[in-house]
Amino acid sequence: MMMREVAVIGIGITKFGELWDYSFRQIGIQAGLEAVYDANLSGSEIDAMYVGNMSSGRFIDQHHVGALIADYSGMASNHIPSTRIEAAGASGSLALHQGVMAVASGTHDIVVVGGAEKMTDVSEEASNFILNSAADQQWESLMGATFASLHAMIACRYIREGYATREQIAQVAVKNHLHGSLNPKAQFQKPIRLETVLRASMVAEPLTMFDCSPISDGAAAVVLCPMEMAHEYTDKPIKVLGIGQASDTLALYQRDDICTFPATKVAAQKAYEMAGLEPRDIDVVEVNDDYTISELLALEDLGFYQRGEAGKAVEFGETEIGGSLPVNTSGGLKARGNPIGATGVAQIVEIVTQLRGDAERRQVKEAEIGMAHNVGGTGSTVAVTILGVA
Amino acid sequence: MPVARFWRDIPSRYNLYGSRCGSCGKIYFPTRHICPECRRSSIGRMESYRLSGKGKVYSYSVVHEAPPQLAVLKPYVVAIVEMDEGVRVTGQLVDVDAEKIDIGMRVEAVLRKIGDEGPSGVIHYGFKFAPVPD
């Protein structure tokens, strides 16, 4: 149980995409400063920083990015603690949860949580090779399994079990590109057609290029503080209602059933319990659509749909903005982009934007409670966060 | 991959050695030193166990985009194989027409080259899977 209630009082996010003109430290600072300005901080109030990042060591040959980001944010002379967190695709959410716990425990008052990844300083092949290391490097990647092919095997089995059709899986990309077209920060801002997904070049059958989230650069940041202090900084604090984190086998093949991520169920249950809420209470959700198939698993494992129902829900438009449960209003990992370490924090930025009512063309009406679901590997680490209007 | 790192795993890579829990009998691949079911009572009781190499396809994918060191194989098939002992293993599926692969297809482990350290470097061998007649 939380000792202190925690609020998000500032958010910042860079444009996501192939940001050739900007370095890792530049995008990290840009997102962080935007969040600090948004929270009306001068900077000297900041007590600690947490940075979510998967693989700066291999993408830009730079480890030790906790100190780097603190230094270039102008915090070196304050000597604040700054910690880098890694859990592959879930790095950003885990950084957020560390920040939440630090504030809740009373250890720190004002905490900046950032997430950043600079992926395009290496070739696309090298980038994909680095991403494969989110799986079991020894017993999956080295055996020839790419990260995409692991999700393709999930899709193969999912289709065979009759849980969804190939077209329903592909429809996730169509929906998320539609949402991305409404988000000025998204990497892709053009709607696509179902045929485009189905006929695109094959990555790992049955998944094509349009079933896969892109290689992206980007950063996002949020500022946290105790709820009791939040109104000193903002008129629209967003409260952290619940957090949950869970792990599972590193390798996909060691699961009994690959059409579900048990860690999602466990993390969600913890978050629901802490918040005292149920799936039907959620107005808007960002889920980890690193691949189209992943979104269907997420919607079922988070308790929004029974198994085999998520594909139909996407097909019938229930998960579009204006539907009964808008999913990935930002465009998701698919269209907003997926700079790995930034993704979990970007999800929080989107949910806060929705709950503040600042989402403009993609605003979900009367959104008061939102959820973010962030995955590392093939469901090996999952973090779920529930936020609400304070 | 450095030679020593590969070399340490040779029993598992060449001969599919995993572990059997001396407490509950459950089989794992690769080697585990603690049984996730029995935990403390399994410590010191995990036995080396060689899989038969026979099993069936649980799921698969034809890979079209591959890392540079596997690019020469494109397109190739990767599969999760359910071994007759119940444990599953990930590996490539070879000597098969991709169109004829299906979930449930009988396969067996074969020793193949799985990678190398460059044109004049060490060659890494390990298991892949090939179909067996019914």
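Below, chains carry the letters A, B, ... as their sequence lines are ordered, and counting in each starts from 1.
With a 4.5 angstrom heavy-atom cutoff, B:Ala79 touches chain A only via backbone atoms. At a 4.5 Å heavy-atom cutoff, A:Leu150 makes no contact with chain B through either its backbone or its side chain. Interface remark: A:Ala148 contributes no atoms to any contact with chain B (heavy atom separation under 4.5 Å). The contact between A:Asn132 and chain B is made entirely by side chain atoms (from C-beta outward), counting heavy-atom distances below 4.5 Å.
Interface remark: of the candidates B:Val81, B:Asp102, B:Val87, B:Asp102 forms the most heavy-atom pairs closer than 4.5 Å to chain A. Taking A:Ser149, A:Ala152, A:Gly144 one by one and counting their heavy-atom pairs under 4.5 Å with chain B, the maximum is reached by A:Gly144. Between chain A and the residues B:Pro75, B:Ser61, B:Gly91, the most heavy-atom pairs under 4.5 angstrom are made by B:Ser61. With chain B as the partner, the residue from A:Glu125, A:Arg160, A:Glu124 showing the most heavy-atom pairs under 4.5 Å is A:Arg160.
No more than 12 heavy atoms of other residues, nucleotides or ligands lie within 6.0 Å of CD in A:Gln306, so this atom counts as exposed by the packing criterion. Counting non-hydrogen atoms of neighbouring residues, nucleotides and ligands closer than 6.0 angstrom, the NZ atom of B:Lys74 exceeds 12 such neighbours. Dense packing is recorded around CG of A:Leu198, with more than 12 heavy atoms of other residues, nucleotides or ligands lying under 6.0 Å away.
Atom OG1 of B:Thr90 and atom CG of A:Leu252 lie 7.0 Å apart (nearest 0.5 Å). Interatomic distance, A:Asp256 CG to B:Arg88 CZ, rounded to the nearest 0.5 Å: 6.5 Å.
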A:Leu142 vs B:Phe6, test: side chain to side chain contact (heavy atoms under 4.5 Å, CB included). Steps then yes/no. CA-CA 10 Å; A:Leu142 193 66; B:Phe6 193 88; 4.1 Å; yes
Verify side chain to side chain contact (heavy atoms under 4.5 Å, CB included) between B:Ile80 and A:Met153, making sure each step is shown before the conclusion. CA-CA 8 Å; B:Ile80 296 175; A:Met153 287 195 280; 3.7 Å; yes
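The residue from B:Arg13, B:Lys128, B:Gln92 that alone fulfils the side-chain contact (heavy atoms from CB on, under 4.5 Å) condition with A:Met143 is B:Arg13.
In terms of heavy-atom proximity, B:Asp9 sits nearest to A:Trp139 at CG-CZ2, 3.9 Å. Of all the heavy atoms in B:Ile103 and A:Arg157, the pair that sits closest is CG2-NH1, 3.4 Å.
Side-chain contact check for A:Gln138 and B:Arg8: no donor-acceptor pair (N or O, by modelled atom type) lies under 3.5 Å.
In this structure, B:Gln69 and A:Phe129 have side chains that are in contact, with non-hydrogen atoms separated by less than 4.5 Å. Looking only at side-chain heavy atoms (C-beta outward), B:Glu65 and A:Thr146 stay at 4.5 Å or farther from each other. Under the 4.5 Å side-chain criterion, counting only non-hydrogen atoms from C-beta, B:Tyr58 is in contact with A:Ile258.
Looking only at distances, a side-chain donor or acceptor of A:Gln254 sits under 3.5 Å from a matching main-chain atom of B:Phe29.
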